[in-house]
Amino acid sequence: MHVVVTGSSRGIGRELKTRLAARGDRVTGTSRDHSSGTRLDVSDPGQQARFAAQIKGDPVDLLICNAGVYLDKTMKINDYTAEVWAKSLAVNVTGVFLTVQALLPNLRLSQSPRIAIISSQMASHARAPGGSYAYRASKAAALNIGRNLATDLQPEGIAVGIYHPGWVRTDMGGEEGEISAQESAEGLIREFDALTPETSGCFHTWDGRVHAF
Ligand SMILES: NC(=O)c1ccc[n+]([C@@H]2O[C@H](COP(=O)([O-])OP(=O)(O)OC[C@H]3O[C@@H](n4cnc5c(N)ncnc54)[C@H](OP(=O)(O)O)[C@@H]3O)[C@@H](O)[C@H]2O)c1
């Protein structure tokens, strides 16, 4: 199986890449620098086009849109600037869509194509504890994109799942996170393996629970 993981330089993405490679999958990990293979800033259309050209004709069985930023973790309402919004949306929303768009020809070459979008429980409208406006909105948009891609790609048999990876001890999640990147990646991979056209459009947690929209 050929898997593409965006944002594989650290955190959950690096762990996904390591675990998938260890079980024998062929993994193309992308990063903004050259640290983990192929260079890709997901928000850069030029780099997306170059990446698509590099892997043209190579089937992709699983695309994991993992790259993300959380710029407003500690921001108060008055701290927000247009730039914080623009950067958050460029990576977490536009970046997800551009990656899917760029790799659709490769997914179409697979016998069992799947797309996994790493969103967050913070995407859910059911939870509204306040704060993190740009991150929450961006993850809600990523969830929405995944749900609608699931509909559009259903006739082609391309399954799309959207996931909450847990509160994970990474640079983003912080040391107080509830689970390790290893636990998160293990659970997520189990979820990706279980994703089928029948379950396409699901919003699941890393440990297999259905998440409220
Ligand atoms: N940790 C949590 O508790 C938690 C909870 C819910 C959801 N998530 C989601 O899970 C995913 C991974 O999070 P994490 O905790 O592993 O975060 P992390 O440790 O901060 O790592 C983020 C990864 O995304 C990459 N990235 C950032 N901007 C990028 C861009 N423009 N183009 C390409 N790659 C980019 C980073 O690359 P560089 O090294 O180049 O910066 C890094 O590899 C994110 O989508 C996050 O929103 C995390």
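By convention here, the first residue in the shown sequence is residue 1. As the structure lists them, so they are numbered: ligands from 1, and atoms in each ligand from 1.
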What part of [X], side chain from CB on, backbone N/CA/C/O, both or neither, has a heavy atom under 4.0 Å from ligand 1?
X    : value
P165 : side chain
V91  : side chain
Y135 : side chain
L40  : backbone
Q121 : neither
S119 : backbone

Side chains of Y80 and D72: do they bring a donor and an acceptor to under 3.5 Å?
yes
Quick one: do the E83 and T81 side chains pair a donor with an acceptor below 3.5 Å?
no
Please answer whether the main-chain N or O of G68 pairs with a side-chain N or O of N92 as donor and acceptor at a distance below 3.5 Å.
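No, the answer is negative, given that no donor and acceptor are paired below the 3.5 Å cut-off.
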Between R136 and G130 (side chain of the first, backbone of the second, donor and acceptor by atom type, cut-off under 3.5 Å), is there such a pair?
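Present.
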The criterion is ring-ring contact (aromatic ring centres under 6.0 Å, His included); which residues satisfy it with H211, sequence neighbours excluded?
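For H211 the ring-ring contact (aromatic ring centres under 6.0 Å, His included) partners, ignoring immediate neighbours, are F203.
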Show which atoms of ligand 1 fall inside a sub-4.0 Å distance from at least one heavy-atom site of [X].
X    : result
K139 : 44 (C), 45 (O), 46 (C), 47 (O)
V69  : 27 (C), 28 (N)
G166 : 2 (C), 3 (O), 4 (C), 5 (C), 6 (C)
W167 : 3 (O)
G11  : 16 (O), 19 (O)
D171 : 19 (O)
S120 : 6 (C), 7 (C)
I118 : 9 (C), 10 (O), 11 (C), 45 (O)

Any idea which protein heavy atom is nearest [atom], and the distance to it?
atom                    : result
atom 16 (O) of ligand 1 : I12 N, 2.8 Å
atom 18 (P) of ligand 1 : R10 NH1, 3.7 Å
atom 34 (N) of ligand 1 : A67 CB, 3.3 Å
atom 23 (C) of ligand 1 : G7 O, 3.9 Å
atom 40 (O) of ligand 1 : R32 NE, 3.0 Å
atom 43 (O) of ligand 1 : S9 OG, 2.7 Å
atom 12 (C) of ligand 1 : N66 OD1, 3.2 Å
atom 22 (C) of ligand 1 : G68 O, 3.7 Å

Would you kindly confirm whether F97 and V69 end up in one hydrophobic cluster when ILVMFWY residues are joined by side chain heavy atoms under 4.5 Å apart?
yes
Is any side-chain heavy atom of [X] closer than 4.5 Å to a side-chain heavy atom of [Y]?
X    : Y    : value
V93  : S138 : yes
R39  : Q54  : no
D193 : R114 : yes
H204 : V210 : yes
S120 : Y70  : no
T28  : H2   : yes

Which residues end up grouped with I64 if you chain together Ile, Leu, Val, Met, Phe, Trp and Tyr wherever their side-chain heavy atoms are less than 4.5 Å apart?
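When side chains under 4.5 Å apart are linked, the cluster holding I64 also contains M1, V3, V5, I12, L16, L20, V27, L62, I118, Y163, V168, I179, L188, I189, F192, L195, W206.
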Look only at interatomic distance and state if V42 has a nitrogen or oxygen under 3.5 Å from any nitrogen or oxygen of ligand 1.
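There is such a contact, yes.
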Do H164 and ligand 1 have an N or O pair less than 3.5 Å apart?
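It does not: no N or O of H164 is found under 3.5 Å from an N or O of ligand 1.
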Non-hydrogen atoms of [X] versus ligand 1: any pair closer than 4.0 Å?
X    : result
R169 : no
Y70  : no
D33  : no

Residues, nucleotides or ligands: over 12 heavy atoms within 6.0 Å of R209 CZ
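For R209, atom CZ is not crowded (no more than 12 foreign heavy atoms under 6.0 Å).
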Are more than 12 heavy atoms from other residues, nucleotides or ligands located less than 6.0 Å from atom CD of E176?
yes
Worked verdict on R147 versus I162 for side chain to side chain contact (heavy atoms under 4.5 Å, CB included):
CA-CA 8 Å; R147 298 273 300 154; I162 306 104; 4.3 Å; yes
With atom 15 (O) of ligand 1 as the reference point, say which of T99, L71, T170 has the nearest heavy atom.
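Heavy atom nearest to atom 15 (O) of ligand 1 belongs to T170.
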